[in-house]
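Whatever order the structure lists ligands and atoms in, that order sets their numbers, starting from 1. Here the structure is a predicted model, which means the values were calculated and not measured.
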Amino acid sequence: MADYDLAIIGGGLNGVSIARDAAGRGLRVILLEQGDLAAGASSASPRLIHGDLASLERRHFLRVRTALAERDIWLRIAPHLVRPMRFAIPAHSDERPDWQLRSWLLLYDRLASRSGLPASATVDVTHHPIGNALKRPFGTAFEYSDCVVDDSRLVVLTAVDAAARGAVIRTGARCTRAERGKEWRLVTIDRGFRQAITARAIVNASGAWTSSVAEMVLRVPPPKVAAEQMDQIVVRRLFDSDNIYVFQNSDGRLIFASPYERDFTLIGTASHAFKGDPAIVAMAAGDVAYLCDAANRYFRERIETVDVVRTLSGANVVRNAASGRDGAMTLDHGRGKAPLLTVFGGDVTTSRLRAEQAVTKLTPFYPMSPRWTATAPLPGGDFAWDRFDNEVEEVRERWRFLGEEEARRLVGAYGTNAKEILGDAKERGDLGPAFGPELTGAEVRYLMQQEWARFPDDVLWRRSKLGLTMPPADREALAAFMAAAM
Ligand SMILES: Cc1cc2nc3c(=O)[nH]c(=O)nc-3n(C[C@H](O)[C@H](O)[C@H](O)COP(=O)(O)OP(=O)(O)OC[C@H]3O[C@@H](n4cnc5c(N)ncnc54)[C@H](O)[C@@H]3O)c2cc1C
C-alpha cells in the first residue's frame with residue numbers, strides 16, 4: 001500500500017486548501033513545501049476577498065455571484081482573518097461615468113444580497129472623512145462593501161487545520177523527482193535529508209513553478225501557461241479613514257490603496273507578464289515609481305520612491321488568457337498511470353471552492369466523505385464575524401496589560417486561540433522576552449510549535465507583519481531566541 005493517498009507539491013494557498021479538504025474527507029495526505037508556507041504568491045496577493053468589480057464590468061455575472069457567496073463563507077469560517085471594509089471610488093468626470101459606476105454597484109449589491117454587509121452608497125466627500133486625504137476636491141465618491149484578508153495567515157491556519165485532520169505538512173521539503181507507475185514514488189530533500197515516499201496521486205500546486213515541476217520533477221509534458229506578476233508597495237499611512245480607495249488611473253488601470261497594519265498604507269494595481277526565476281520575483285524600479293506617481297495624483301500627502309518601506313511581489317501562472325485568474329485545473333490519469341492533478345493560480349476568494357472541486361475530481365479513485373469545508377471554521381474562527389470587537393474586549397478584560405491595538409492584532413491573527421499564547425499571564429513580563437514593541441517569547445514559541453515557524457522571516461513577514469516595526473537589534477535577538485528554541 002502507498003504511504004499516502006495524496007502528495008501535494010506546494011504550500012501556497014492552493015496546496016494547503018487541497019490538503020485541508022482532502023484530509024477532512026478521510027484521505028491520507030502529505031504536503032511538501034520547499035521553503036516556508038506562503039513563501040510564494042500567497043503572501044503577496046492584494047488581500048481582497050471580493051466579488052471583483054472588474055469581473056462585473058466584463059459581465060461575468062456568475063463568476064461574481066460565486067465569489068460573493070464565497071466571501072460570505074469566509075466571513076463565517078474565518079471571522080478573525082477576514083474583515084469587512086468599505087471601499088471608496090472617488091468619482092472622476094474624465095473616466096467611467098457616474099451613472100455607470102452607480103449601476104454596477106447596485107448590481108453588485110443585488111448579487112450579494114444576503115451578505116449582511118452595508119449596501120453601496122453615494123457619498124458627498126466634501127463632508128466625509130473619505131475626502132480628508134484626497135488631493136483635489138472630489139465632489140462625490142461611491143462606497144461599497146467587500147472584505148480584506150490576511151493572506152499568509154490564511155495559508156498557515158488552513159495548514160494548521162489540515163494537520164489537525166491528519167495531513168502531514170512538511171516545510172523545507174523540496175520534491176526533486178517523482179516516478180510514475182500505478183503509484184507515484186517521490187524523492188524529496190527534506191531539511192537536507194533525502195527521503196523517498198509513495199503516493200497514490202499527486203497534486204501539482206506549485207504556483208509559478210508549475211511548468212518546471214511538471215517538466216523536471218514529474219517528467220510530464222509541461223502545461224501551456226502564462227506567468228504573471230503582481231506588485232504592491234508599503235508606505236507610511238497616507239490616510240486616517242478606514243476605507244480602501246480604488247482609483248481609476250489615467251492609463252485606465254485600477255489602483256487600490258488600503259490601510260495596512262495600522263500605521264501603513266498598501267498600494268497596488270493589476271498584474272503584468274512575468275519572466276524569470278519565481279524564486280526571485282522583484283519589483284522593477286519603474287513599477288515602484290509608477291505606483292508612487294499614481295498615489296500622488298490623488299492623495300494630499302506626497303510620496304517618493306525613498307518613502308517605500310517594503311515592496312511585495314508575487315508571480316503565479318494562468319492557464320490561458322481567457323480563463324483569467326479563475327484557477328483552472330487538469331486531471332491526467334489512465335490505465336497503469338497514477339493520477340496527476342495540476343492546479344493553476346486562481347484568486348484568494350475562490351480558493352476554498354477550488355480546493356473542494358479539485359478533491360472532488362479525485363472521487364473516482366478513492367472512497368471519500370462528502371464536501372465539508374464551507375461550514376467548518378478555521379482554527380480560532382469559532383465566533384460570529386460581527387462579534388470581532390466583543391472578542392477583543394473579552395481578551396482585554398482578561399489580560400488587562402494588553403493595549404487595544406495589541407489585543408486587536410492578537411484576535412485578528414489567532415481568533416479564540418489567542419488565549420493559548422496568553423495563558424495565565426498576569427503581566428507582560430510573564431510572556432517572556434520582548435522583540436520590538438509587540439512580539440513576545442510566548443508568541444514566538446507558539447508559532448514554532450504550532451505553525452511551523454523556523455526562522456525570523458517566517459514570524460515577521462508570514463505569520464505576522466511585525467517585521468515592519470521591528471528594530472534590527474531586536475531582530476537579531478529574535479534570531480538567537482529561535483535558534484536556541486529549535
Ligand atoms: C498576477 C496575479 C495576480 C493576482 N491577483 C489576485 C487578486 O487580485 N486577488 C486575489 O485574491 N488573488 C490574486 N492572485 C492569486 C494569489 O495571489 C495566488 O495566486 C494564490 O494565493 C494561490 O497561490 P498558489 O498556491 O497557486 O501559489 P504559491 O503561493 O506561489 O505557492 C506555490 C508554492 O509551491 C512551492 N514549490 C514550488 N516548487 C516546489 C517543489 N519542487 N517542492 C516543494 N514545493 C515547491 C513554492 O515554494 C510555493 O510556496 C493573483 C495571482 C497572480 C499570479
Could you tell me which atoms of ligand 1, counted from 1 in the order shown, lie closer than 4.0 angstrom to a heavy atom of Ala173?
-> 43 (C)

Report, in ascending order of atom number, the atoms of ligand 1 lying under 4.0 Å from any heavy atom of Ser45.
-> 17 (O)

Taking the side chain as every heavy atom from C-beta outward, state whether Gln450 and Val160 have any atom pair closer than 4.5 Å.
-> no

Looking only at distance, does Ala38 have an N or O less than 3.5 Å from an N or O of ligand 1?
-> no

Do Leu53 and Asp146 touch side chain to side chain, with heavy atoms closer than 4.5 Å?
-> no

For Trp209, take its heavy atoms, then give the atoms of ligand 1 lying under 4.0 Å from any of them.
->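 That gives atoms 37 (C), 38 (N), 46 (C), 48 (C) of ligand 1.
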
What atoms in ligand 1 come closer than 4.0 Å to a heavy atom of Leu48?
->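 What qualifies from ligand 1 is 11 (O).
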
At the 4.0 Å heavy-atom cut-off, does Ala205 count as touching ligand 1?
->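 Distance cut 4.0 Å: Ala205 passes for ligand 1.
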
Cation-aromatic face contact Arg83/Phe388, 6.0 Å, 45 degrees =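 The answer is yes, since Arg83 meets both limits relative to Phe388.
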
Counting each atom of ligand 1 from 1 as listed, which ones have a heavy atom of Gly207 under 4.0 Å away?
->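 Close to Gly207: 26 (O), 27 (O), 32 (C).
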
At a 4.0 Å cut-off, with the gap strictly under it, does some heavy atom of Ala279 reach an atom of ligand 1?
->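 Flag not set, Ala279 not near ligand 1.
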
Nearest heavy atom to atom 15 (C) of ligand 1, choosing from Gly346, Gly40, Ala39, Gly172, belongs to Gly346

Inspect the contact between Arg236 and Asp307 and indicate whether a charged nitrogen and a carboxylate oxygen are less than 4.0 angstrom apart.
->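 Counted as a salt bridge, because a side-chain N and a carboxylate O are separated by less than 4.0 Å.
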
Could you say whether the N/O atoms of Ile9 and ligand 1 ever approach to under 3.5 Å?
->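 It does not: no N or O of Ile9 is found under 3.5 Å from an N or O of ligand 1.
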
Should Asp332 and Lys337 count as an ion pair when the cut-off is N to O under 4.0 Å?
->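 Salt bridge between Asp332 and Lys337, a charged N being under 4.0 Å from a carboxylate O: yes.
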
Glu443 and Arg409 ion-paired at < 4.0 Å | yes

Provide the number and element of each atom of ligand 1 under 4.0 Å from a heavy atom of Glu228.
->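 Here the atoms of ligand 1 in question are 1 (C), 53 (C).
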
Below 3.5 angstrom, do we get any N/O pair linking Asn316 and ligand 1?
->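 Among all N and O atoms of Asn316, at least one is under 3.5 Å from an N or O of ligand 1.
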
Can an N or O of Glu33 be found at a distance shorter than 3.5 Å from an N or O of ligand 1?
->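 Among all N and O atoms of Glu33, at least one is under 3.5 Å from an N or O of ligand 1.
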
May I ask you to decide whether Glu70 forms a salt bridge with Arg352, counting only side-chain N to carboxylate O separations under 4.0 Å?
-> yes

Among Ser42, Ala67, Gly35, Ala178, which one has a heavy atom closest to atom 23 (O) of ligand 1?
->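 Minimum heavy-atom distance to atom 23 (O) of ligand 1 goes to Ser42.
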
Counting heavy atoms only, name the option from Arg174, Met216, Gln34 that's nearest to atom 44 (N) of ligand 1.
->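 Residue with the shortest heavy-atom distance to the ligand atom: Gln34.
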
Taking side chain as C-beta onward, heavy atoms only, is Pro46 less than 4.5 Å from Phe256?
-> yes

Partner of Arg310 under side chain to side chain contact (heavy atoms under 4.5 Å, CB included), chosen from Phe264, Tyr260, Trp461 =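 Single pass found, and it is Trp461.
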
May I ask which of Thr349, Asp231, Val348 has a heavy atom nearer to atom 10 (C) of ligand 1 than the others do?
->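 Nearest heavy atom to atom 10 (C) of ligand 1 lies in Val348.
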
Do you know which two heavy atoms are closest between Arg20 and Asp161, and how far apart they sit?
->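 Between these two residues, the closest heavy atoms are NE-OD2, 2.6 Å.
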
Could you tell me which atoms of ligand 1, counted from 1 in the order shown, lie closer than 4.0 angstrom to a heavy atom of Val213?
-> 38 (N), 41 (N)

Heavy-atom side-chain contact between Pro84 and Ser145 under 4.5 Å |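 Sidechains of Ser145 and Pro84: no contact.
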
